[in-house]
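All values below come from the heavy atoms of this structure, side chains included, with hydrogens, waters and symmetry mates left out.
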Amino acid sequence: MPTLKRHIVPSVLSANFAYLARDVKVIQTAGAQSVQVDVMDGHFVPNITVGPLIIEALRKETSIFLDVHLMIENPLKYIGVFAKSGADLLTAHWEACEDPKAVIREIKKLGVKAGLAIRPKTKADVLIPLLPELDLVLVMTVEPGFGGQAFMPEMLEKVRILRHILDEKGFPCQLQVDGGINRQTASLAAQAGATSLVAGSAVFGAQDPVKAFQELQKLIDFPSSEQVK
């Protein structure tokens with residue numbers, strides 16, 4: 001997992017897919033420790049993006065940590081193929097899992113880091129019993145499916161709840177937010193306790209992605225004591 005206390009995770013959903021490996025290499029050189037690959041199936045969310053072949057191709061071209069967000073139905077069925085494709089982290093959605101614990105354990109059995117995400121309508125409480133087994137929890141700050149949506153500030157209360165429990169119990173679990181992260185919202189999410197902030201259009205949609213990434217990273221580099229408790 002990335003070693004920075006807080007880090008920006010550029011989402012390749014907003015990159016140029018004709019030059020995907022190039023864009024990832026550029027952002028890695030700029031200092032990114034990971035990128036997120038959004039997998040959408042047109043069922044769990046109303047959009048279709050990429051599958052394991054794209055991840056496999058990226059893995060051959062770069063050493064960067066591949067954070068794969070599975071916005072798909074029945075993730076247990078597809079974990080094996082995505083693990084083999086070269087993903088370093090697989091994050092499934094709690095709402096798509098009949099047995100979330102079984103999904104987490106299957107991911108880990110395959111030697112991959114395990115994450116679990118929740119949509120805006122899902123309470124943070126559902127994740128609490130699973131925190132000891134997770135490497136990452138993801139609070140969606142938009143409704144999943146499309147990039148470029150507006151940040152939902154009311155989701156920050158979930159981040160605060162999870163941050164409090166993670167700190168209280170000492171669980172070494174990353175707390176990620178995804179959706180609408182930009183220069184205005186990155187600090188808010190970090191102050192609420194997020195350690196991993198996914199940014200797509202704010203990075204790859206910028207005129208200068210390298211500068212945009214580095215400026216976002218600077219915005220969240222502040223002492224932990226400044227987090228909102």
Side-chain angles (χ1 to χ4, degrees), residues 8-15 17 20 34-52 54-55 66-79 81-82 85 87-100 103-104 107 112-127 130 134-159 161-162 173-182 184-186 188-189 192-205 216:
I8 297 294
V9 183
S11 168
V12 302
L13 184 63
S14 298
F17 272 72
L20 192 55
S34 63
V35 293
Q36 187 171 91
V37 183
D38 292 307
V39 178
M40 306 181 193
D41 64 359
H43 296 284
F44 182 71
V45 293
N47 195 9
I48 298 174
T49 54
V50 304
I54 295 296
I55 298 164
L66 294 178
D67 172 340
V68 178
H69 182 186
L70 299 176
M71 288 174 266
I72 62 175
E73 291 183 351
N74 193 12
L76 191 59
K77 181 179 179 180
Y78 299 101
I79 285 168
V81 68
F82 279 104
S85 72
D88 295 296
L89 165 72
L90 289 174
T91 298
H93 266 264
W94 179 87
E95 302 88 353
C97 301
E98 288 188 14
D99 184 348
V103 171
I104 295 165
I107 293 172
V112 179
K113 301 291 185 182
L116 208 58
I118 52 172
R119 303 177 85 142
K121 292 181 181 179
T122 304
K123 293 183 178 181
D125 299 10
V126 303
L127 295 174
L130 302 165
L134 286 165
D135 298 297
L136 178 143
V137 287
L138 166 55
V139 174
M140 293 298 301
T141 44
V142 298
E143 190 62 40
F146 294 91
Q149 296 184 66
F151 182 83
M152 300 168 69
E154 60 270 29
M155 296 300 108
L156 292 179
E157 183 57 27
K158 296 182 189 179
V159 177
I161 290 169
L162 291 168
C173 181
Q174 292 276 357
L175 178 47
Q176 187 173 81
V177 293
D178 182 2
I181 295 298
N182 54 36
Q184 288 70 48
T185 60
L188 296 175
T195 53
S196 175
L197 294 82
V198 180
S201 55
V203 174
F204 287 117
L216 281 174

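- Side-chain atoms of His69 and Met40, non-hydrogen and from C-beta on, never get closer than 4.5 Å to each other.
- Summarising the local packing, CD of Glu154 is surrounded by more than 12 heavy atoms from other residues, nucleotides or ligands at distances under 6.0 Å.
- Of the candidates Val12, Asp178, Leu70, Asp178 is the only one forming a side-chain contact (heavy atoms from CB on, under 4.5 Å) with Asp38.
- When all heavy atoms of Val137 and Cys173 are compared, the closest pair comes out as N-SG, 3.8 Å.
- Looking at residues two or more places apart in sequence or on another chain, you find no side-chain hydrogen bond (donor to acceptor under 3.5 Å, both in side chains) involving Thr91.
- The two residues Leu130 and Pro100 have their closest heavy-atom pair at CD1-CB, 3.9 Å.
- Rounded to the nearest 0.5 angstrom, Gln176 CD and Thr141 OG1 are separated by 9.5 Å.
- Judged as a side-chain contact (heavy atoms from CB on, under 4.5 Å), and not counting sequence neighbours, the contacts of Ser34 are Pro2, His7, Val9, Phe65.
- Contact of the Met155 side chain with the Met140 side chain is not registered, since no non-hydrogen atoms from C-beta on lie closer than 4.5 Å.
- Summarising the geometry of Ala92 relative to Val103, their closest heavy-atom pair is CB-CG1, 4.0 Å, with the distance given to 0.1 Å.
- Put simply, the side chain of Leu134 reaches to within 4.5 Å of the side chain of Ile104, judged on heavy atoms.
- Listed by first and then second residue, the salt bridge (charged side-chain N to carboxylate O under 4.0 Å, His left out) pairs that reach into residues 114-127 are Arg119-Glu143, sequence neighbours excluded.
- Remark: Val50 engages Phe17, Val37, Val39, Ile54 in a side-chain contact (heavy atoms from CB on, under 4.5 Å) (not counting sequence neighbours).
- In terms of the side-chain contact (heavy atoms from CB on, under 4.5 Å) criterion, residue partners of Pro52 (sequence neighbours excluded) are, by chain and number, Val81, Phe82, Ser85.
- In this structure, Ser201 and Ser11 have side chains that are not in contact, with every pair of non-hydrogen atoms separated by 4.5 Å or more.
- When all heavy atoms of Ala124 and Ile161 are compared, the pair lying nearest together is CB-CG2, 4.4 Å.
- Counting heavy atoms from C-beta on, the side chains of Ser14 and Val203 never come closer than 4.5 Å.
- No side-chain donor-acceptor contact under 3.5 Å links Asp88 to the backbone of Asp67.
- Legend: residues meeting side-chain contact (heavy atoms from CB on, under 4.5 Å) with Asp41, ordered by chain and number and at least two apart, are His43, Phe44, Ile72, Glu73.
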